[in-house]
Amino acid sequence: MLSYFKLKGAAVRIAQSTRPALLYSFTCRRYASAIDSIAPERQQEIAAALRTYQKDNIAVPWFDMVRRYKIPQAAMEQALVADNARLQKRAELSMRVTQMADQAYDEQRGRCDWDSVARDMDMPLIECLRLFDASLSTVPVQTLPNITDWSVDDLSTLKSLVLEQFGAVTADEWRLVGIYMNVEQTDCYMAYGICTLPRMTPDLHKAITQHRNASLEWKDIFEKYPLFGSVQILCNAYHLYKEHSGTKQKNVLQKWTDEEISRLQEIIKAYYRPGNRSQLSFQAQMAFPKRTEASILGKIRQYTSKNSNITQKDMDHVNTLVEAYGKDWERIGQETDVSPRRAQRIWAQHQQRQKVTQAWTKEELETLRNCIRDGIGMAEASRIIGTKMSYACNAKMQSLKRAGLNNAFQKSRTLWNDDDVARLVHLVSTSKGGDIDWTAIGKELGRTAKSCHLRYTKLHQKHYNAKADHSQTVSCEVQKQYEQHQRVDWTNVAQQLGLSERECLEANQFNDGKARWVYDPDTFSWDTADRMAQFIKDNYPKPVPVNYTAVSNYMWTDKSDCVKMTSLLRGEVTWTAEALALVVRLRDSGMKFEDIAHQLSPTVSASRVTATYHKQKNPHVYQPLLDTDRQQIKDIMDTRAHYMDFADLRALVIQSMPNANKSALYTFVDSHGAALPAYKERLKNSNVEHIASQIMSGTKQSVLAKQMGIPSLMLTNLMRSRTFSMHSRTWTQEETDKLIEVARASPGPFNWKSISEEVGTKDPKQCRTRYFNVGHKY
């Protein structure tokens, strides 16, 4: 028994000592089948790991390596040998590329001819750049930190290289760009950024200044620096940079001193007029030449603006002046140092507060409910009621709306009966416009908009499920008729199946033999187009969505072609790159715009094609006026306005600013001319009532303005102010009902001037806008 236990202990010790070797040999046999399937990238990874151990003179832990990579030791040793051979071959190839690049170095251009190196090596250009070893090269690397150090040829080569070879450039690829250009990669990055997004830099501005001092013209400077695209853009960028740099110099003195503030307050007291700060701004700029215009205007606004909140003291003061002078708002505004319109609003608020009551009567609540129903806001509701402030009307309106929603929610939880469903379908079918107003429908039915929408959706689902049940039957009958007669008689199909013709058209899924319908100006037929349009109008009036499956079956043409032809008949043209190229090509060949429009669509207008063509040929780039140009224009107009008509003065200004953007120039000249005191005095001394009557009778404002020698913008502002004062902007229910009645009773096209006269309290533009906003609800 003792000998048995001794033998057993010896066997256990032998097994424990041989266990790692057995486990290692088992692991190698397990992964022996994976030797042939090692990817090259995997081999490189294993070789790199083995080199790490060899570099640090550490014994390779083969057991851990086999378990990690699941590859035998022999295979890993073979991978290391193969990778060493690969690296040796790559080093030899890198040396050859570097030597050939040194031989192809062009001293005149300062870089190697990499295209010839790639041809001689029979390798891609990018691969040659990756193999280049700068440590073995004798070519000196250039440093070009400023954009002026780059030649036009180098910039062009840099831009084409990046766009053609790299696209989205990474950090490593910028290294390759630097190798190709033989320039530091940070300098390449800087130069490419300025090429793609031109901007004025200090060194470029200094170089251009030197050229300008040498009497070099702008077109010659542009040939040296063609980055900005045109001579005008280069000129504007130069002056704008100069202006901004000057602004930075001026902005050193940020804080206003007490002496400057006291001087400014004296100028404000002497020259400030409510509603007109032009003279005050001019005097302040003359007094503070080192201050920017923005800083001066900000200080002026700080000391002249009044608090927007109207206090009780303001209302009492204005009411006292009204009792003394009457409704002479100009005089009251001067007394209170506010504009006439603000003085009128203060008095109106004071009058309303005199009549304010706290409790709500039944009549006031009924009036407020009518305002909610008609969509009238709290301010107009306060004016209509007369005894409640706007904030009180707003609070009560919110309370009534919540109560109405609660009632509607209680009803929405009840079941739908047949009468409610019938009314819902009728209201949806009679809705006008492209969108269904579920809120209005919910008010009519006493339910929430969400409840009505969900119910109508379920009704539609039942309709389409019923239609899907007989889709296969309809398709079989249509296929039978088409194979027999090569056409489909939808009336016969409907009679055979006991369905309506529209249901058969919507259910059919048989599409064999359908023709294509592509727009061709030579073969287009209006008879076919009118036939499709009439079918859609009869079966799918708005807001019912068009079922183009039924349209396709009715016309027996491709469904997508029907959709596209419908959009063309509505005058919709998608301006793709191909369509724009076609318009430009046809116009450049001498074709008229009317004929080009006919080539695109049967209904698109020639004016639309004309505008698209000019926009494509001459893209408008907005360039704001420089501050120096604005000041020059102001000086010209301010000194000549008292003895020159505006038309002559406008022509003089435009002639003196040939390089300015025309759109920005015209806008600034007109707006500044309308603010000049000389032209305001001319308008004030004329018969304003007679001028307004002439404009309302049809005389053009531009003609009258030219006769009076003032900007036409002043007459536009005059008519706007008169319209605002003559007619209220809000609509009562009685005015809206009268407008709808008069508009629908008028024959032919709407004559909004006569309709406005019938309504009596609104101008033609207000009538037209109101009718098209709410007319579809009646």
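These numbers were taken from a predicted model, which means no experiment stands behind them. Count residues from 1 along the sequence.
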CA sep, side-chain torsions, deciding dist, call: Arg90, Glu127, salt bridge (Lys or Arg N to Asp or Glu O under 4.0 Å): CA-CA 11 Å; Arg90 184 176 180 84; Glu127 188 62 26; 3.5 Å; yes

Ignoring hydrogens and geometry beyond distance, is a side-chain donor-acceptor pair present between [X] and [Y] at under 3.5 Å?
| X | Y | answer |
| --- | --- | --- |
| Asp220 | His211 | no |
| Tyr548 | Asp561 | no |
| Ser151 | Asp154 | yes |

Exercise: identify the closest heavy-atom pair between [X] and [Y]:
| X | Y | result |
| --- | --- | --- |
| Cys188 | Met181 | SG-CB, 4.2 Å |
| Cys128 | Ala118 | SG-CA, 3.8 Å |
| Ile179 | Trp114 | O-NE1, 3.4 Å |
| Ile296 | Phe288 | CD1-O, 3.8 Å |
| Asp187 | Leu144 | OD2-N, 2.9 Å |

4.5 Å side-chain heavy-atom contact, Val141 and Val183: no

Quick check against the 3.5 Å criterion: does [X] have a side-chain atom that pairs as donor or acceptor with the backbone of [Y]?
| X | Y | value |
| --- | --- | --- |
| Thr98 | Asp133 | yes |
| Glu260 | Thr257 | yes |
| Ser94 | Ala91 | no |

Distance in Å, Asp120 CG paired with Gln103 CD, rounded so as to fall on 0.5 Å steps: 9.5 Å

Distance, nearest 0.5 Å, that separates SG of Cys112 from CE of Met100: 11.5 Å

Axial cation check for Phe593 ring with Arg587, 6.0 Å and 45° limits: yes

cation_pi(Arg650, Tyr666) dist<6.0 Å, angle<=45: yes

NZ/Lys564: more than 12 non-hydrogen atoms of other groups inside 6.0 Å: no

From CA spacing to verdict: salt bridge (Lys or Arg N to Asp or Glu O under 4.0 Å), Lys592, Asp595: CA-CA 5 Å; Lys592 296 181 179 180; Asp595 299 332; over 6 Å; no

Test: Arg585 and Asp588 ion pair at under 4.0 Å: no

